[in-house]
Number of protein chains: 2
Amino acid sequence: MTRANEAWESLMKAYAVLMKQFNAEDVWGELTMREYDVLYQLSKCDSPLRLSELNRHVLLSQPALSRMVDRLVERGLVERCPDQGDRRGVRLSLTPAGRETQRAIGRPHARSVTRALSVLTPEEIAQLAVITGKLAGNEEK
Amino acid sequence: MTRANEAWESLMKAYAVLMKQFNAEDVWGELTMREYDVLYQLSKCDSPLRLSELNRHVLLSQPALSRMVDRLVERGLVERCPDQGDRRGVRLSLTPAGRETQRAIGRPHARSVTRALSVLTPEEIAQLAVITGKLAGNEEK
DNA sequence: TTAAGGTAGATGCAAACGCATGGAACTCAG
DNA sequence: CTGAGTTCCATGCGTTTGCATCTACCTTAA
């Protein structure tokens, strides 16, 4: 068992513990955490996002994401427009209602996150961001 | 947006990227990653594990885990015994076949993990283990 | 121009999931 | 000892997921 494997196992455990904790909190309203994640990813990009691009940030298969977007469109939270210039593609964006919903849930959730990470020192939080950034391949050529 | 929130988002992204990467690798045989996770958790404990205890380490609802154990029992990988002393409870352990399957998959998977974390320095790996350990509440009161 | 190969997203279908709930066993106050 | 409350795991049921596949569109090269 290498150090790397121990570290990854520890990361998975932390992820599981915190996700369960967040999921148990009563802030999600009509959304599941996965649905919120989709709204959040969309809220970060002002320009409409491609489905395939969104799929890279969400832990869901492409068909599952496609259908989740269906439901979010049907509920009036997300808009699906054909992409000029690539007519296979789809461009996704939040509706005003979607943006509002994201914010309403995001606020208390962000506080939960801050509280959960308050066991770390500011230095540790900075280190965590750097390390996970490298793992996600942020600075890959 | 606090530093803590940025760090958590970065952790989630790293988790998503690496999980997708691992999932795409051709090492899982007849198992899903979630099923492997259950076998792995069981492989770490020599004494049979309670379902509720196992559930704390796996990102699954209790009914979903109960049924996944059903399937693993049916496939001869896990054994379910009644718990003496608490007749509500169940004690889970790997069968020899389950242990073998876990090892056969675990070996190449562990190499993948090591490779994925090789972008980090040894110091960063050590820091990551410490930080995620704190997040998972390892050293709580 | 057109045929071959690749990519984006949608859909059929069986398997797996979460929520709500159920029964059985444990705990503890009276 | 008994009844109320809790914990542990299983089950019914509607929803969501992943895999395989499909169609439509883009790209490249002859």
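Numbers restart at 1 for each chain; the letters A, B, ... are given by sequence-line order, proteins then strands.
For the pair A/Glu35 CD and D/dT16 C1', the interatomic distance rounds to 10 Å; values are reported in whole Å. Rounded to a whole Å, the CD atom of A/Gln62 is 14 Å from the P atom of D/dA20. Residue A/Leu60 contributes atom CG, which lies 18 Å from atom P of D/dT15 at whole-angstrom precision. Atom pair A/Leu31:CG and D/dT16:P shows a separation of 12 Å (rounding to whole Å applied). Straight-line distance from the CZ atom of A/Arg67 to the C1' atom of D/dG14: 16 Å, rounded to whole Å. In this structure, the CG atom of B/Asp70 is 12 Å from the P atom of D/dG12, given to the nearest Å. At whole-Å resolution of the value, CG in A/Asp37 and P in D/dT16 are 17 Å apart.
Nucleotides of DNA chain C that come within less than 4.0 Å of any heavy atom of chain A span, from the 5' end to the 3' end, C/dG6 to C/dC13.
Hydrophobic clustering (side-chain heavy atoms under 4.5 Å, transitive across Ile, Leu, Val, Met, Phe, Trp, Tyr) keeps B/Val113 apart from B/Val17. With hydrophobic clusters built from ILVMFWY side chains whose heavy atoms lie under 4.5 angstrom apart, B/Ile125 shares a cluster with B/Val119.
With distances taken from any side-chain atom of A/Arg87 to the nucleotides D/dT11, D/dC26, D/dC9, the minimum falls on D/dC26.
Across the interface with DNA chain C, nearest-nucleotide mapping of A/Asn23 and A/Leu49 shows A/Leu49 to be the residue nearer the 5′ end.
Contact check for A/Leu60 versus A/Arg67: no side-chain heavy atoms found under the 4.5 Å cut-off. Residues B/Glu25 and B/Arg111 have side chains not in contact (no heavy-atom distance under 4.5 Å, counting atoms from C-beta outward).
At a threshold of 4.0 angstrom between heavy atoms, the contacts of B/Arg71 are confined to the sugar-phosphate backbone, with no base atom among them. Within 4.0 Å (heavy atoms only), A/Arg91 reaches no atom of the nucleic acid at all.
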Next on the checklist: Across nucleotides 1-8 of chain D, 5' to 3', mark each nucleotide with B, S or - according to how protein heavy atoms within less than 4.0 Å reach it.
Outcome noted: ------BS
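Here the straight-line distance linking atom OG of A/Ser47 with atom CG of A/Leu92 works out to 11.0 Å at 0.5 Å rounding. Rounding to the nearest 0.5 Å gives a distance of 6.5 Å between CZ of B/Arg34 and CE of B/Met68.
Between A/Leu31 and the choices A/Ile105, A/Asp37, A/Val38, the side chain to side chain contact (heavy atoms under 4.5 Å, CB included) rule is met once, by A/Ile105.
Ring geometry for A/Trp28 versus A/His109: interplanar angle of 30 to 60°, hence tilted.
Between the side chains of B/Asn5 and B/Thr2, a donor-acceptor pair is found at a separation under 3.5 Å.
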